[in-house]
Participant: 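Structure provided below as structure tokens; questions to follow.
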Amino acid sequence: MWCSRMALPRLQRIAVAPLNAAGGLTSKVQREMSTLPRVYVTRQIPPEGLKILKDSGQVQFELWDSDDPVPRKELLQKVKGVDGLLCVLTEKIDAELLDAAGPNLKVLSTMSVGFDHLSLEELKKRGIRVGYTPDVLTDAVAELTVALLLTTSRRLIEATHEAKTGGWGTWRTLWLCGHELANSTVGIFGLGRIGVAIAERLAPFKVKKFIYTDMAPRPELASAINAEFVSFDELAKQSDFLAVCCALTPETKEICNKNLFSKMKNTSIFINTSRGGVVNQEDLYEALSTGQIAGAGLDVTVPEPLPTSHPLFTLKNCVILPHIASASYTTRNAMSSLAANNLLLGLRGQPMIKELKL
Ligand SMILES: O=C(O)C(=O)CO
């Protein structure tokens, strides 16, 4: 599907049904189909989820058949009168969109674990049920977080650049030295499934101690990785590596700011694979450029994409990825399947596999 970005978006209306002799739908089937719930899918989703929707015979759906987001104006038109909506994290689901959709909309299914793009208050007010896709992406996100942490702490991007561009003169005693995980303290900000999965993967690197902070201690999760609950300040002070794994909420917005960075060691590495909005990027730039902290690895930024002219891109000690933490074929297909199943279950009035409590 390499050409999908080039192709003009096509709208698909898909339903599986018997055909008449002329290859068209029989009028009985047409009548039956027109009574099926109407669903709008805001993006090309990976094939496994699409197949579930097609094979269900339970919905008639239109798809924004593109790898790029549906323009807002188009989206506002397309959602009119739908019963269900399957979206991805680039769609802002707010009062304007819900008003445009109207009272038929009963179920929203987002192909994401994060839900900061959804106005939960507006959804709740309208009695719209919401499905999301936790768990299925935990392994992929944890894996990528470890990769980003090592890439940042061992300066791999700088190193390959030097090797390719003639900077590799000879073996030097302190050239391209970084910081190692062995005997380190790893701090996790926001301990959930992903934080635990990251710690499990880091433990074999001989990490000395795991610490975490959250709204409250989470002993069941923490015991799996032998992590100690500490205050936010202690997390900043003690962590050699600090991984942000919290959701973006009004409480966590820009919580990683100069207050945090100023308490961190100047040998510490900051990693964020949650949401860019939890970081004050000006403060992060300041901390990195003045040597307040040693490095940062970011899979998420504000905005996304981060403009190539952004000052953070000028820093050697900042590694920036284009929001790829869950980007494995297996995981994206699992997210797509879960989102499709959540939608269908919700439309049948049954409990979803993963439903947000509003
Ligand atoms: O599912 C999410 O919330 C993501 O950020 C995708 O990686």
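Start at 1 and go down the list; that is how both ligands and their atoms are numbered. As a basis for the values below, the full set of heavy atoms in this structure was taken, side chains included, without hydrogen atoms, waters or symmetry mates.
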Participant: Strictly by side chain to side chain donor-acceptor pair (under 3.5 Å), give each pair with a member in residues 287-313 just once, sequence neighbours left out.
Facilitator: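 Checked against side chain to side chain donor-acceptor pair (under 3.5 Å) - neighbours excluded - the pairs reaching residues 287-313 are Glu304-His323.
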Participant: We want to know whether Gln238 and Thr185 form a side-chain donor-acceptor pair, criterion being a heavy-atom distance below 3.5 angstrom.
Facilitator: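 No, because no side-chain N or O of Gln238 sits under 3.5 Å from a partner of the opposite role on Thr185.
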Participant: Starting from the N and O atoms of ligand 1, find every protein N or O within less than 3.5 Å and list the pair with its distance.
Facilitator:
unit_1	atom_1	unit_2	atom_2	d
ligand 1	1 (O)	Val113	N	2.8
ligand 1	3 (O)	Val113	N	3.3
ligand 1	3 (O)	Gly114	N	2.7
ligand 1	3 (O)	Arg275	NH2	2.6
ligand 1	5 (O)	Arg275	NH1	2.8
ligand 1	5 (O)	Arg275	NH2	3.4
ligand 1	5 (O)	His323	NE2	2.8
ligand 1	7 (O)	Ser326	OG	2.8

Participant: Between the side chains of Thr110 and Ser112, does any donor sit under 3.5 Å from an acceptor?
Facilitator: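 Looking only at side-chain atoms, Ser112 and Thr110 do form a donor-acceptor pair, the distance falling under 3.5 Å.
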Participant: Among Asp116, Thr249, Val244, which one satisfies side chain to side chain contact (heavy atoms under 4.5 Å, CB included) with Arg275?
Facilitator: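 The side chain to side chain contact (heavy atoms under 4.5 Å, CB included) with Arg275 is passed solely by Asp116 among Asp116, Thr249, Val244.
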Participant: Looking only at heavy atoms, which two atoms of Asn342 and Ile353 are closest? And how far apart?
Facilitator: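 So the minimum-distance heavy-atom pair works out to OD1-N, 3.0 Å.
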Participant: In terms of side-chain geometry, is the basic nitrogen of Arg126 or Asp99 positioned less than 4.0 Å from the acidic oxygen of its partner?
Facilitator: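 The answer is yes: the pair qualifies as a salt bridge.
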